[in-house]
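Taking it in order: structure first as structure tokens, then the write-up.
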Amino acid sequence: MSNTADVLIIGGGVHGASLAFHLAQRGVKSIVLEKSFVAAAATGRSSGLVRMHYDTEASSRLAWLSFQYFRNWQEMVGGECGFTRTGFLQIAGTDLEEALKVNTAMQQALGIATLLVTADDVKRLAPSFATDDFTLAAYEPESGYAMPADTANALMTAARERGARLVQGCEVTAIHVAGGRVTGVGTDQGDFSAPVVVNAAGPWANRINAMAGVEEVPLTTWRHDTMFVVRPPEIGPSHPTVIDYANDMYFRPEGNLTLVGLEDGNPLGDSPDSGTEHALPGFVERAIDRICRRIPAMEKGHLQSAHGGYDGISPDQNPVLGAAGPEGFYLDCGHSGTGFKTAPAIGLCMAELIVDGAARSVDISCYAPTRFAEGRLIKGNYDNIWR
Ligand SMILES: Cc1cc2nc3c(=O)[nH]c(=O)nc-3n(C[C@H](O)[C@H](O)[C@H](O)COP(=O)(O)OP(=O)(O)OC[C@H]3O[C@@H](n4cnc5c(N)ncnc54)[C@H](O)[C@@H]3O)c2cc1C
């Protein structure tokens with residue numbers, strides 16, 4: 001089998017898979033090099049929330065375009081992404097209400113189905129929720145969650161059906177550069193060559209950048225623990241998917257389980273090779289306390305499981321997309337804990353950037369790797385999401 005392609009993609013997470021799929025749709029042959037297996041890292045640990053409520057227009061546009069894939073998966077990709085519509089609520093504490101209104105109006109102007117609702121409306125949507133600590137929320141009736149590993153595998157399968165190659169258990173150890181441009185990579189399975197190499201290595205992206213001599217992109221790692229709790233019957237068969245800034249938490253249903261993650265206390269800078277089988281000490285206690293504040297009847301539930309995960313994160317908590325370093329080297333990384341739901345659109349835009357020289361489906365120029373050196377950091381209306 002040939003080790004030569006048009007594009008080498010380092011990383012078989014949802015972003016590497018989405019890029020391979022969209023390149024294949026354009027007739028561009030890629031090889032995805034994955035040191036473990038598809039969705040082994042951030043993607044496999046992802047909570048899978050699918051919503052359009054972001055605090056910048058570019059991110060909402062990417063999420064909105066991606067949403068067209070999630071709700072039309074069979075026609076647009078094939079296979080299963082496991083999208084489940086639950087409705088989505090963005091609860092903001094009273095200090096963020098003005099930003100909530102601005103963001104919701106921005107999303108409505110993009111055509112996104114979202115509206116402001118009162119705490120009484122939320123009580124009608126989710127009678128088990130305590131609603132006495134906020135007055136307004138944004139509601140997206142069509143949103144919900146999807147299954148990240150299924151999503152990545154469906155994208156990879158569709159890419160391979162169109163000519164992409166996947167090499168698993170293959171660790172990239174060097175980026176080859178000659179005359180100022182990339183020529184390929186070295187791996188523990190030999191050399192691969194292509195005029196374009198894309199870093200989609202998730203929490204390991206920094207290491208890949210260093211191999212290419214790219215030092216001006218200040219990426220680090222973000223650790224995030226989640227837990228599943230078994231809901232007691234009095235809460236009912238389901239509930240909406242929720243981001244709850246008043247409690248620095250998000251949660252969503254899955255069968256009779258509720259998945260919970262926290263917006264605060266997510267350590268930065270740990271090795272992405274650290275263990276993720278168990279949540280960090282104290283996480284479960286904090287998460288149970290928070291979910292019981294929002295859903296008091298959860299006190300009668302019980303813990304099912306808890307574990308951790310790592311993503312790459314940038315200083316402004318936004319992705320890093322575009323060319324950097326030697327000619328032909330691209331970054332599709334730094335997805336900062338929110339990159340699952342935007343992966344379909346980002347793969348499309350990155351394919352346009354690589355093939356046509358510019359993304360046209362959504363303008364992704366604000367995510368350029370040069371923004372850090374140029375001091376053009378992205379600032380959303382909520383400021384930092386992760387604290
Ligand atoms: C616990 C958790 C919950 C999350 N919840 C959500 C959510 O609800 N909604 C949302 O939108 N986002 C969420 N995110 C963020 C989202 O999951 C990530 O942004 C996204 O999955 C990143 O995908 P990726 O393809 O960039 O990275 P990854 O999935 O990490 O893939 C990178 C791949 O690169 C491979 N790799 C690394 N180095 C090398 C090398 N040298 N050679 C070969 N291969 C290599 C790795 O093995 C890995 O498989 C969450 C993240 C975490 C950790």
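Remember, it's 1-based here, ligands and their atoms both numbered in the order they're listed.
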[atom]: which protein heavy atom is closest, and how many Å away?
{"atom": "atom 41 (N) of ligand 1", "answer": "Val172 O, 3.1 Å"}
{"atom": "atom 5 (N) of ligand 1", "answer": "Ser47 N, 3.0 Å"}
{"atom": "atom 43 (C) of ligand 1", "answer": "Lys35 N, 3.2 Å"}
{"atom": "atom 18 (C) of ligand 1", "answer": "Asp311 OD2, 3.1 Å"}
{"atom": "atom 27 (O) of ligand 1", "answer": "Gly202 CA, 3.5 Å"}
{"atom": "atom 6 (C) of ligand 1", "answer": "Ser46 OG, 3.1 Å"}
{"atom": "atom 8 (O) of ligand 1", "answer": "Leu49 N, 2.9 Å"}
{"atom": "atom 47 (O) of ligand 1", "answer": "Glu34 OE2, 2.6 Å"}

For atom 1 (C) of ligand 1, the option (of His15, His307, Arg45) bearing the nearest heavy atom: Arg45
Evaluating non-hydrogen atoms only, which member of Tyr145, Tyr310, Trp222 is closest to atom 51 (C) of ligand 1? Trp222
At less than 4.0 angstrom from any non-hydrogen atom of [X], what atoms of ligand 1 do you find?
{"X": "Lys341", "result": "9 (N), 10 (C), 11 (O)"}
{"X": "Gly11", "result": "33 (C), 34 (O), 35 (C)"}
{"X": "Ala201", "result": "32 (C), 34 (O), 37 (C), 38 (N)"}
{"X": "His335", "result": "19 (O), 26 (O)"}

Applying a heavy-atom cut-off of 4.0 Å, say which part of [X] lies close to ligand 1: side chain, backbone, both or neither.
{"X": "Phe340", "answer": "both"}
{"X": "Thr43", "answer": "both"}
{"X": "Ala17", "answer": "neither"}
{"X": "Thr187", "answer": "neither"}
{"X": "Thr338", "answer": "backbone"}

Quick one: does [X] get an N or O within less than 3.5 Å of an N or O on ligand 1?
{"X": "Trp204", "value": "no"}
{"X": "Val14", "value": "yes"}
{"X": "Glu171", "value": "no"}
{"X": "Gly339", "value": "yes"}
{"X": "Ile208", "value": "no"}

Pairing donors with acceptors under 3.5 angstrom, does anything connect the side chains of [X] and [Y]?
{"X": "Thr276", "Y": "Arg45", "result": "yes"}
{"X": "Asp120", "Y": "Thr118", "result": "no"}
{"X": "Thr258", "Y": "His239", "result": "yes"}
{"X": "Ser193", "Y": "Thr183", "result": "no"}

Atom pair [atom1] ([X]) and [atom2] ([Y]), whose distance is rounded to the nearest 0.5 Å:
{"X": "Leu89", "Y": "Phe251", "atom1": "CG", "atom2": "CZ", "value": "8.0 Å"}
{"X": "Met52", "Y": "Arg61", "atom1": "CE", "atom2": "CZ", "value": "14.0 Å"}
{"X": "Glu171", "Y": "Trp204", "atom1": "CD", "atom2": "CH2", "value": "9.5 Å"}

Consider ligand 1: state whether an atom of it lies below 4.0 angstrom from any non-hydrogen atom of [X].
{"X": "Cys170", "answer": "yes"}
{"X": "Pro203", "answer": "yes"}
{"X": "Asp332", "answer": "no"}

Can you check whether Tyr250 and His224 have ring centres sitting under 6.0 Å from each other? yes
With Phe83 as reference, evaluate Tyr69, Tyr145, Phe340, Phe67 under the ring-ring contact (aromatic ring centres under 6.0 Å, His included) test and give the passing residue. Phe67
Does atom [atom1] of [X] have more than 12 heavy-atom neighbours, drawn from other residues, nucleotides or ligands, at distances under 6.0 Å?
{"X": "Arg165", "atom1": "CZ", "answer": "yes"}
{"X": "Gln108", "atom1": "CD", "answer": "yes"}
{"X": "Glu80", "atom1": "CD", "answer": "no"}

Going through the distances and angles, do His307 and Asp225 end up as a side chain to side chain contact (heavy atoms under 4.5 Å, CB included)? CA-CA 6 Å; His307 56 224; Asp225 292 343; over 6 Å; no
With Val185 as reference, evaluate Leu8, Ile208, Asn3 under the side chain to side chain contact (heavy atoms under 4.5 Å, CB included) test and give the passing residue. Leu8
Treating Asn209 as the side-chain partner and Val214 as the backbone partner, does any N or O pair qualify as donor plus acceptor under 3.5 Å? no
Could you tell me whether Arg124 and Asp121 have a side-chain N and a carboxylate O separated by less than 4.0 Å? yes
